[in-house]
**Student:** 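So that we are looking at the same thing, I have put the structure below in structure tokens.
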Protein chains: 2
Amino acid sequence: MDNEARKLREYEQRLRDAGVRITRPRRAILQILSQGADHPDAMELFRRALAIDPTISLSTVYRTMKLLEDKGEIQRHAFAGGPARFEQAAGEHHDHLIDIDTGDVIEFHSERIEQLQDEIAHKLGYDIVHHRFELYGRKRKKK
Amino acid sequence: MDNEARKLREYEQRLRDAGVRITRPRRAILQILSQGADHPDAMELFRRALAIDPTISLSTVYRTMKLLEDKGEIQRHAFAGGPARFEQAAGEHHDHLIDIDTGDVIEFHSERIEQLQDEIAHKLGYDIVHHRFELYGRKRKKK
DNA sequence: ATGCAAATGCAAATCGTTTGCAACTGGAAA
DNA sequence: TTTCCAGTTGCAAACGATTTGCATTTGCAT
């Protein structure tokens, strides 16, 4: 049950089917995405990718993330005051809580919030195209 | 009832009390803030300020916005994919719905959403320091 | 194997914003 | 009301994140 290798193969398959060439740098990035489920930024992806393919360039990381975003394979987030961070698109919709001390990202989902959003937008005469709901907080000290 | 002039005087008073020098460029910016209740970005503020004080510089606009933010007179927002936009801090807390076609900003407030946020953060073991809740939508066509 | 459009690395450009520095100016003190 | 100087300014250069032009490679369909 090599989950990581399976994920990688699935990425490649879906992209090939979409007419995307699987190049060396792209494979490196897909491999990284297959590994973890965290929220790295471009520079971090670049660092990890260098370990796999020492000739990859930062621009290719950016170009590849743009491509993967267009293909719906990843999501791009712009959390407050930092570079864009990416995550696999797989999985259901969720929002984020960002630990302002560590930068850690915690995912959560609330059906009631989704409902409320629609309600509010509707009341204002709008249809929601997308939203951004981010909580910035600090770990509660157990007193 | 010159509301605008009154607002300006109040801004100046509060800032003086906080030990802030009221300079020519700052007065120009305060005057602009006193006028409207929209959400201009730095460049737009710069343009409007030039009409009042033709010698003002863009860096001073940025420096002044930072100062006003620190003093709690304005709030800074970074809506998706654009420059920072500012608004007067006066008034109660609210969130934003951004018209993705026009860039218009509509303010709204939902007590239930505020509650839910606290609930969620608490459940995750966090205290909320601030949050970002933005809806991006498009005016509903009456069919 | 071959050919070529697509993808790459590199460096330079871009955008929004911040900063170093020398000149200038509020406004408190005299 | 003048003096004084720390705070403020304009300018240009620096900045961080991201994008782009271009000459050179490289997938991969043939």
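Heavy-atom basis, side chains included; hydrogens, waters and symmetry copies ignored. Small disclaimer: the values here were computed from a predicted structure and weren't measured. Naming convention: chains lettered A, B, ... in sequence-line order (proteins, then strands); numbering from 1 in each chain.
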**Student:** Find the distance B:Arg24:CZ to C:dT25:P and express it as a whole number of Å.
**Tutor:** 8 Å
**Student:** Would you say the side-chain atoms of B:Arg140 pair up with the backbone N or O of A:His122, donor to acceptor, closer than 3.5 Å?
**Tutor:** yes
**Student:** Check every nucleotide of DNA chain D for an atom under 4.0 Å from a heavy-atom of chain B, then give the first and the last such nucleotide from 5' to 3'.
**Tutor:** D:dA6 to D:dA12
**Student:** Do A:His109 and A:Glu111 get their side chains close enough for a donor-acceptor pair, meaning under 3.5 Å?
**Tutor:** yes
**Student:** Taking the six-membered ring of A:Tyr11 as reference, does the NZ or CZ atom of A:Arg9 fall below 6.0 Å from its centre and within a 45° cone about the axis?
**Tutor:** no
**Student:** Within the pair A:Thr23 and C:dT8, is there a side-chain N or O less than 4.0 Å away from OP1 or OP2?
**Tutor:** yes
**Student:** Among the clusters formed by ILVMFWY side chains lying less than 4.5 Å apart, do A:Leu97 and B:Val129 turn up in the same one?
**Tutor:** no
**Student:** Judged by modelled atom types alone, do A:Glu134 and B:His130 share a side-chain donor-acceptor pair under 3.5 Å?
**Tutor:** no
**Student:** If the cut-off is 4.0 Å, is A:Thr60 near the phosphate of C:dG9, judged by side-chain N/O to OP1 or OP2?
**Tutor:** yes
**Student:** Please work out which residues in residues 10-22 of chain B have a non-hydrogen atom less than 4.0 Å from an atom of DNA chain C and list them by number.
**Tutor:** B:Arg16, B:Arg21, B:Ile22
**Student:** For A:Phe86 and A:Ile74, which heavy atoms make the closest approach, and how far apart are they?
**Tutor:** CD2-CD1, 3.7 Å
**Student:** Are A:Arg85 and A:Asp41 within salt-bridge range, i.e. N to O under 4.0 Å?
**Tutor:** no
**Student:** B:Tyr126 versus A:Leu135: any side-chain heavy-atom pair under 4.5 Å?
**Tutor:** no
**Student:** Is A:Arg27 close to A:Asp53 at the side-chain level, that is, under 4.5 Å between some pair of heavy atoms?
**Tutor:** no
**Student:** Would you mind pulling out the nucleotide paired to D:dT20, Watson-Crick or G-U wobble, both distances under 3.5 Å?
**Tutor:** C:dA11
**Student:** Taking the six-membered ring for Trp and the full ring for Phe, Tyr or His, determine whether the centres of B:His131 and A:Tyr136 are under 6.0 Å apart.
**Tutor:** no
**Student:** Distance alone, cut at 3.5 Å: any donor-acceptor contact between the side chains of A:His96 and A:Glu87?
**Tutor:** yes
**Student:** Check nucleotides 18-24 of chain C for protein N or O atoms closer than 3.5 Å to its own N or O atoms and list the pairs.
**Tutor:**
unit_1	atom_1	unit_2	atom_2	d
C:dG20	O6	B:Arg63	NH1	3.3

**Student:** Would you mind reading off the distance between B:Arg85 atom CZ and C:dG16 atom P, rounded to a whole angstrom?
**Tutor:** 13 Å
